[in-house]
2 protein chains.
Amino acid sequence: MKRLQSRGTLAVGTSSKLIDLAAVKVACQNCSLARLCLPLGLDGNDLDRLDRIIKRRRPVRRGEHLFQAGDPFHCLYAVRSGSIKTYTPTEDGREQIVGFYLSGELLGLDAIESQHHVCAGKALETTSVCEVPYDRLAELSNSLPSLHRQIWRLMSREISHEQGMLLILGKRSADERLAAFLISLSERFLQRGFSGREFNLSMSRHDIANYLGLAVETVSRMFSRFQEQGLLRVERRHVALEDIERLRSLVGLEAGEAPVRYS
Amino acid sequence: MKRLQSRGTLAVGTSSKLIDLAAVKVACQNCSLARLCLPLGLDGNDLDRLDRIIKRRRPVRRGEHLFQAGDPFHCLYAVRSGSIKTYTPTEDGREQIVGFYLSGELLGLDAIESQHHVCAGKALETTSVCEVPYDRLAELSNSLPSLHRQIWRLMSREISHEQGMLLILGKRSADERLAAFLISLSERFLQRGFSGREFNLSMSRHDIANYLGLAVETVSRMFSRFQEQGLLRVERRHVALEDIERLRSLVGLEAGEAPVRYS
DNA sequence: CGCAATATTGACCACTCTCAATGAGGGTGG
DNA sequence: CCACCCTCATTGAGAGTGGTCAATATTGCG
């Protein structure tokens, strides 16, 4: 396996722009929100109207915040390339990561009700996002019912996804958690046209551990054990899944079963 | 402390109809969805239109399912009185409870995206609910933008709430989890016009343990310890919080602080 | 009245955390 | 270009929180 890139920029982030364009297949080439809206069949004209309210934004560098916890809520963010983690700071100065967002995913939905961001959003690598001003989105969707319901669907998906995480944190052991996490990433990379077998993690062991409710050392040990067992090969942040079926069965998924409810 | 009720029907469920009516204060007297929609200021006429699409339903008895995991999705459910637990069955026959819903709360939002219920919903006590047909709700909300955005808000709240649970399951110890759970219930009862100091649990120790990612025995021990420490008195399902401030500080909440992000 | 479900309590043990030491990269500055 | 530092990752040893197993109430329900 060759190292794909030297500096902080990971393979995943680097080539995603190309893939994105292929996947989106529409005029609104610069924004992943279009992909989010494809399933509902907005026509070119409507997509254009959507496109016009979206602001592009200079890329966010690794470690920079997209928004802080407590910030007033103005925009949703659609990831174009790169990846974002969202986390809630705890009163004792620690944090709980609540989500990792890859290209084409929408974040900020949790802030609508309180009109404040309760999570912070931080870039895991150089990441470009679109800002979707909430007020204008709401306004536009009044005249585009299908857009409105697409937001419902995206929020519903977020709820489902988090319920899957609740199951992982509530019932799973350390190895099952890591397996579920890797399978989830694998599926998501596959959807984006990348390899589901081999990829680079944009998050640190610390982030993974935090997300999965484990200690860093435990995650490290699990990676080592998985490697011993021939489930995968891992070197720093590069992972190659060697026996996906066995990983899936660790999570309780049979061959071909849809990965609806985890990570 | 006197036992409030003999049979399965708990005090909470029994008197909630009265309280509900007081809280709702509108013509749509039979449905808690109205309360959900009050914040957006639907006028009487619009509320009436909303009311007309809602089906009342014969009460669900303790242990009966409102819907099973895998059922096709048709309706959202608004709890009028009683309580519902939602849980996702795991492949190995166990379950993870993902939410408890009290009067005035809306459930089923997670099923919109996949058009199937991924959780099952089961009554914890005799419970009455309103069915809100999704298609008709979507249709109606096309002509009522404020309704549409209220659904956004409710879904956003659900996401926030679950993120709070992620923090609890990911970072909190057993005693902190139970404290957070009790505080959350206390706050919710208070909102409904009940006592936040003394209430009956409609869920079993098993349910609480499952929800909090603990063993039944641990929950039982924590109740006992809390009682020893003078934090509360507990007898079977009746709980009287005696030192709410100390319970709150266990969760990391200072006096008067809003309980946004837990349980 | 008796069985089944629920709850409590104790003893033991294991999974995972904490603490600690070491190693490997990556970035910076000389 | 190399030395240095700092962060990140790995690995080991010991400890502790919480799980498992088991026994015993207590209650509800048929």
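All figures in this text were calculated on a predicted structure; none of them were measured in a lab. Chain letters run A, B, ... following the sequence lines, proteins first and then strands; every chain starts at 1. As a basis for the values below, the full set of heavy atoms in this structure was taken, side chains included, without hydrogen atoms, waters or symmetry mates.
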Find the distance [X]:[atom1] to [N]:[atom2] and express it as a whole number of Å.
X      : N      : atom1 : atom2 : answer
B:R205 : D:dG28 : CZ    : P     : 13 Å
A:E235 : C:dG25 : CD    : P     : 7 Å
A:R221 : C:dT22 : CZ    : C1'   : 14 Å
A:R62  : C:dG25 : CZ    : C1'   : 12 Å
A:N210 : D:dC8  : CG    : P     : 13 Å
A:I208 : D:dT10 : CD1   : C1'   : 14 Å
A:Q227 : D:dA9  : CD    : P     : 15 Å
A:L124 : D:dT7  : CG    : P     : 18 Å

Report task. Would you kindly say whether A:T90 and A:Q96 are connected by a side-chain donor-acceptor distance under 3.5 Å? Result ->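 No, no side-chain donor-acceptor pair sits under 3.5 Å.
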
Query raised in the report: Do any side-chain nitrogens or oxygens of B:R237 fall under 4.0 Å of OP1 or OP2 in C:dA7?
Result: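 It does, given that an N or O in the side chain of B:R237 lies less than 4.0 Å from OP1 or OP2 of C:dA7.
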
Query raised in the report: Would one find a side-chain N or O of A:S220 under 4.0 angstrom from OP1 or OP2 of D:dT11?
Result: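 Checking D:dT11 against A:S220, no side-chain N or O comes under 4.0 Å of OP1 or OP2.
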
Any protein N or O atoms within reach of nucleotides 15-18 of chain D? Criterion: under 3.5 Å, listing atom names and distances.
from, atom 1, to, atom 2, distance (Å)
D:dG18, OP1, B:A174, N, 2.7

Requested in this report: Measure from the side-chain heavy atoms of A:E217 and tell me the nearest of D:dA22, D:dC8, C:dC19.
Outcome: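 Within the option list, the nearest is C:dC19.
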
**Report entry** Candidate nucleotides C:dT9, C:dT6, C:dT18, ranked by approach to the side chain of B:R236 - the nearest
**Finding:**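 Nearest listed nucleotide: C:dT6.
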
Query raised in the report: Given axes from five pairs at either end, by how many degrees does the helix from C:dC1-D:dG30 to C:dG30-D:dC1 bend, rounded to 10°?
Result: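 Taking the rotation axis at each end, their angle is 40°.
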
Do [Y] and [X] meet the salt-bridge criterion of a basic N to acidic O distance under 4.0 Å?
X      : Y      : result
B:E187 : B:R248 : yes
A:E105 : A:R157 : no
B:K122 : B:E95  : no

For residues 218-230 of chain A, dump all side-chain donor-acceptor pairs below 3.5 Å to protein atoms at least two apart in sequence or in another chain.
from, atom 1, to, atom 2, distance (Å)
A:S224, OG, A:S220, O, 3.1
A:Q227, OE1, A:V234, N, 2.8

Report task. Applying side chain to side chain contact (heavy atoms under 4.5 Å, CB included), run through A:M203 and A:Y211 and close with a yes or a no. Result -> CA-CA 10 Å; A:M203 62 293 285; A:Y211 183 57; over 6 Å; no

Query raised in the report: Do the side chain of B:R177 and the main chain of B:L169 share a donor and acceptor less than 3.5 angstrom apart?
Result: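 Yes: the side chain of B:R177 pairs with the backbone of B:L169.
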
Query raised in the report: Any donor and acceptor pair, going by atom type alone, linking the side chain of B:S83 with main-chain N or O of B:L102 inside 3.5 Å?
Result: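 Looks like no, no N/O pair under 3.5 Å.
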
Query raised in the report: Which part of the nucleic acid does A:S204 contact within heavy-atom distance under 4.0 Å: base, sugar-phosphate only, or nothing?
Result: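 Sugar-phosphate contact only - A:S204 comes under 4.0 Å of backbone atoms but never of a base.
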
Query raised in the report: What about B:F199 and B:F194, are their ring centers closer than 6.0 Å?
Result: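 Ring-ring flag for B:F199/B:F194: false, centres at least 6.0 Å apart.
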
